[in-house]
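Chain letters run A, B, ... following the sequence lines, proteins first, then strands; residues in each count from 1. Just so you know, these numbers use all the heavy atoms, side chains as well, and skip hydrogens, waters and symmetry mates.
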2 protein chains.
Amino acid sequence: MTETAPRPTLEAVAARAGVSRATVSRVVNGGDGVRESLVERVRQAVEELGYVPNQAARSLVTRRHDAIAVVIAEPETRVFADPFFAMQLRGISKELTAHDSQLVLLLTEGRADHARVGRYLAGGHVDGALVFSLHLDDPLPGLIQRAGVPTVFGGRPSWSEGTRATGPTVYVDCDNRGGAREAVRHLVGLGRTRIAHITGALDQTSAVDRLDGFRDVMVDVDPRLIVESDFTPGGGERAMRELLDRCPDVDAVFAANDLTAYGAMKVLREEGLRVPEDVAVIGFDDMLPVAEQTEPPLTTVRQDIEEMGRLMARLLLRGLDRRATSEGVGGAPSSVILPTTLVRRASA
Amino acid sequence: MTETAPRPTLEAVAARAGVSRATVSRVVNGGDGVRESLVERVRQAVEELGYVPNQAARSLVTRRHDAIAVVIAEPETRVFADPFFAMQLRGISKELTAHDSQLVLLLTEGRADHARVGRYLAGGHVDGALVFSLHLDDPLPGLIQRAGVPTVFGGRPSWSEGTRATGPTVYVDCDNRGGAREAVRHLVGLGRTRIAHITGALDQTSAVDRLDGFRDVMVDVDPRLIVESDFTPGGGERAMRELLDRCPDVDAVFAANDLTAYGAMKVLREEGLRVPEDVAVIGFDDMLPVAEQTEPPLTTVRQDIEEMGRLMARLLLRGLDRRATSEGVGGAPSSVILPTTLVRRASA
DNA sequence: CTGAAAGCGCTAACAC
DNA sequence: GTGTTAGCGCTTTCAG
């Protein structure tokens with residue numbers, strides 16, 4: 001705890017530099033159209049006084065805040081289970097920093113918080129929002145779009161197919177379906193014939209898309225080879241047990257993510273089955289702390305999570321800049337699907 | 001991307017309710033000292049117009065922002081390796097929400113960002129800061145304190161012993177030393193005699209404190225039983241190998257955190273040693289996704305990370321409120337050390 | 001208990 | 001180029 005000192009104002013700088021407030025303002029905001037000698041004098045005054053612009057005063061007139069909100073709605077679980085959001089946040093943070101914008105983090109837990117977030121966003125405190133819409137039935141994304149705040153979503157929202165009244169939905173995601181296909185094809189290329197899939201939580205589009213990718217390749221798959229799970233290690237364990245029970249002849253597993261694969265491998269080991277000799281295992285995400293630590297190291301589908309975060313921010317900022325300048329130069333930003341790559345390690 | 005609608009102002013509400021701006025302002029900010037009937041009328045007008053106060057305008061005059069910054073300085077690694085920060089953030093977020101404050105997240109990577117963060121904090125954009133000072137030599141915490149922003153630190157800062165010119169340093173931490181002692185005593189109670197310690201990164205006070213706790217109990221420990229590591233699973237593996245090499249007779253390991261314990265157990269298994277029969281293992285943190293998933297489940301020292309976050313926020317807010325009202329009621333807030341508890345599972 | 005009036009610090013037209 | 005002049009939307013004395 002320390003004391004707050006009074007801050008010098010534009011006025012003070014102007015006085016010290018012997019110019020008008022307007023001139024100081026111009027210099028502070030880029031300084032074009034001001035004589036070089038004056039620019040220098042103002043700069044010096046700013047320096048000497050330790051002047052820092054008052055953001056509140058500036059926002060009041062510009063109606064910009066140089067701040068964007070990141071909304072993460074997660075009733076509990078996943079935010080902690082894997083470092084997914086931390087990485088995404090880092091990507092977002094980097095991009096915002098480069099753009100001199102601040103990151104306002106809004107974490108919600110349950111409906112009680114929805115109203116609060118809606119109000120905040122509608123309140124015009126931020127220039128835009130980055131929202132992670134994890135569950136199909138989450139009302140929050142809708143609320144947010146209705147709030148009239150420029151928004152980019154992380155992960156394909158469930159309604160992404162159509163166009164809402166408010167305009168096209170912009171989102172960033174990785175190629176879940178294509179990545180899944182590549183993983184399964186790899187398993188097929190290995191000569192495996194009884195290839196199973198442990199799904200993610202099917203109320204999230206990423207899980208649905210990965211399942212679709214699996215089906216794309218395994219067209220007439222024995223339905224018993226698909227077992228529903230939830231993206232967690234514990235879920236992976238339960239699913240693997242069930243799978244082994246239903247189909248003892250399974251010789252490969254494509255797990256919806258690395259954590260699930262980890263759980264599955266644990267069960268496989270307990271059952272005395274060797275990976276990959278008896279059962280090949282492949283994950284999704286390439287969450288380093290997990291994928292490199294399994295035994296054997298996990299073959300998996302990599303998505304560049306940090307880049308996804310960076311891209312979300314970039315898309316949003318670009319949209320904001322566009323509307324700020326000549327409305328409509330270059331067309332509205334559209335969604336981006338990032339490619340995935342198969343990372344071969346030892347498990348498949 | 002959507003369009004931003006014009007927002008109703010206080011003026012509009014006043015007109016609609018047939019009162020003055022001042023009255024509306026009073027109602028919006030608590031409404032004491034206003035006749036009940038008017039309060040009602042204003043409330044209704046607010047409702048009908050969907051009025052939301054303009055925070056910038058308000059801040060301009062009140063000089064408060066109802067926002068606090070969370071600064072996380074982490075050159076790379078740990079932020080992702082474990083869900084530590086995610087949990088802490090959730091705790092912070094909950095407390096801030098209850099206090100109607102916003103969370104501005106500042107992630108830094110390296111010195112380049114220090115200036116930026118320093119400027120931001122000094123710029124008076126937020127009412128206070130919550131800072132995670134992870135490394136002993138990090139210049140950022142000092143910078144921040146100098147910026148004159150009320151601050152609470154997460155984890156004991158290295159200089160916590162003395163009092164800085166700016167006043168006492170307030171921080172929240174768990175009882176690393178006591179927790180370590182308890183863990184080691186437990187091992188002793190199990191009849192183990194060759195008890196080793198794999199340290200955390202010793203440029204962090206938490207690692208140093210846990211090591212001290214270990215030493216408190218193992219006063220004349222064979223120095224070969226202490227091996228330095230870095231809080232990561234890979235580090236834990238390397239350390240365990242070295243340990244086994246130096247002291248094949250080791251019969252217990254106290255690892256500086258769960259991730260390290262995980263790495264150590266992996267090596268133990270590879271070497272054909274049973275846990276806990278041959279070597280008992282105990283961790284620190286009780287990071288559920290890790291501790292419950294190891295084989296066998298990990299005995300560990302639990303710290304309530306979310307509560308630490310909540311407490312940091314509470315301490316900061318309390319300090320702010322105090323100075324806002326009658327300066328100095330109840331004395332300056334002081335640091336808090338949260339207790340730890342030993343969670344017995346199967347590994348020790 | 002309520003209203004009128006004076007800014008908070010800054011930007012953006014518009015003059016000079 | 002540079003200064004002057006209006007506010008941005010809100011809170012807060014100060015009268016009434």
At a 4.0 Å cut-off to heavy atoms of chain B, the contacted part of DNA chain D spans D:dG9 to D:dT13
Could you measure the distance from the CE atom of B:Met87 to the CD atom of B:Glu307? Nearest 0.5 Å is fine. 12.0 Å
Validation row, ring centre B:Phe132 to ring centre B:Phe153 under 6.0 Å: no
Verify the ring-centre separation between A:Tyr171 and A:Trp159: is it less than 6.0 angstrom? no
Contact between A:Leu106 and A:Val70 at the side-chain level, heavy atoms closer than 4.5 Å - yes or no? no
B:Val28 side chain reached by B:Pro53 side chain, heavy atoms, under 4.5 Å: yes
Summary of protein contacts for nucleotides 6-16 of chain C, nucleotide by nucleotide, where a base hit scores B, a sugar-phosphate-only hit scores S (4.0 Å, heavy atoms): B-BBBBBB---
Does a salt bridge link A:Glu47 with A:Arg43, judged by any charged N lying under 4.0 Å from a carboxylate O? no
Is there a donor in the side chain of B:Asn54 and an acceptor in the side chain of A:His125, or the other way round, less than 3.5 Å apart? no
